[in-house]
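Below is one structure, written out as structure tokens; the observations come after it.
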Amino acid sequence: MARPLPFKIVVVSTVLFFVCTNYVYCNNGRRVGDVMDTEFSGFSVPLEHSFEVDDIAKFRVRGALVFKAGREPSVSLTQSQLSEEDRTKLKEVAAVDGLYRIRVPRVVLQADRQTERQLEGYLTAFVRACAMVESHLSDVISLHTDVSGYVIGVSIVTFPGACRGTEVEDEVDLEVFNTTLSVMAPVNAPGPGTALYVERMEQETEKKGKNPQEQKSFFAKYWYLILGGAIFLMVTNSAQPPAGGGREQT
């Protein structure tokens with residue numbers, strides 16, 4: 001007995017789907033399933049902070065930095081709210097002019113070096129805890145990279161950055177971080193202005209060629225002074241009496 005036509009269509013469609021999934025490439029030249037492992041792959045590292053009254057650092061997680069490597073690396077930040085205990089402690093540290101510290105692991109952002117993406121050690125920065133409090137947890141965190149894509153430094157500033165002794169309400173102003181995150185790549189310094197110097201020299205040479213008067217030698221410019229000096233010397237020498245002359249005898 002022949003099988004119904006719809007059943008055959010389902011079987012053929014399933015086989016074709018299996019073949020396409022395993023052997024057919026997409027329009028961008030990649031196999032199905034490979035995209036997520038290349039262009040859109042990423043990794044995250046913890047962002048930690050510490051603020052202690054005794055100024056002995058005890059870091060704990062503040063959030064996570066999510067890196068996406070590729071031709072143009074990007075980074076985003078997810079953060080937790082401060083607990084009531086942390087808000088109280090932060091104000092206590094600010095009252096004794098203590099420090100608020102952050103740290104991140106050393107990482108590399110380039111896609112072709114992901115096997116060594118996290119290195120040993122941490123990068124640390126700090127601000128005054130009172131500035132963190134009076135800014136209502138508004139800070140700017142910058143990650144500094146070298147030409148090879150390694151994160152070599154981290155910095156943090158607050159807005160405003162000064163401590164003025166302003167009263168801050170815990171539950172309203174010290175609950176949620178307002179952070180701006182940026183990646184600072186190195187900028188090539190301008191090279192020496194050799195071309196500009198050569199151009200200026202050529203312009204000066206061209207101007208002198210157009211003005212022959214400037215090409216005169218020292219003697220051509222000051223001949224009259226030289227001639228006057230020579231005549232003066234001749235007259236002075238002729239007016240002097242001859243050397244060794246005796247007195248007349250009577």
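Here OG of Ser83 is found 10.0 Å from CD of Glu175. Values are rounded to the nearest 0.5 Å. In this structure, the separation between OG on Ser50 and CG on Asp55 is 8.5 Å, given to the nearest 0.5 Å. Between Ile141 atom CD1 and Thr179 atom OG1 the span is 5.0 Å, to the nearest 0.5 Å. Atom CG of Leu174 is separated from atom CD of Glu134 by 10.5 Å, given to the nearest 0.5 angstrom. Taken from OG in Ser182 to CG in Leu143, the straight-line distance is 7.0 Å, to the nearest 0.5 Å.
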Quiz item: Given Leu137 and Met132, is the side chain to side chain contact (heavy atoms under 4.5 Å, CB included) satisfied, shown in steps?
Solution: CA-CA 5 Å; Leu137 303 183; Met132 198 70 184; 4.1 Å; yes
Exercise. Might you work through the side chain to side chain contact (heavy atoms under 4.5 Å, CB included) test for Asp97 and Arg128, ending with a clear yes or no?
Key: CA-CA 7 Å; Asp97 199 19; Arg128 296 172 65 187; 3.0 Å; yes
Self-check item: Step-by-step side chain to side chain contact (heavy atoms under 4.5 Å, CB included) determination, Tyr100 to Ile156
Solution: CA-CA 10 Å; Tyr100 176 86; Ile156 179 174; 4.2 Å; yes
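Looking at Arg101, its side chain never comes within 3.5 Å of a backbone N or O of Thr124 through a donor-acceptor pair.
Remark: Phe59 CZ is packed, more than 12 non-hydrogen atoms of other residues, nucleotides or ligands lying under 6.0 Å away.
Hydrophobic clustering keeps Leu90 apart from Val157 (ILVMFWY residues linked when any side-chain heavy atoms are closer than 4.5 Å, directly or through intermediates). In the hydrophobic clustering of this structure, Met184 does not group with Leu65; members are Ile, Leu, Val, Met, Phe, Trp, Tyr whose side-chain heavy atoms approach within less than 4.5 Å, directly or through other members.
The closest side-chain heavy-atom distance from Gln79 to Leu47 is below 4.5 Å. Residues Phe177 and Leu77 form no side-chain contact, since every pair of their non-hydrogen atoms from C-beta on lies 4.5 Å or further apart. A heavy-atom distance below 4.5 Å is not found between the side chains of Glu48 and Arg60.
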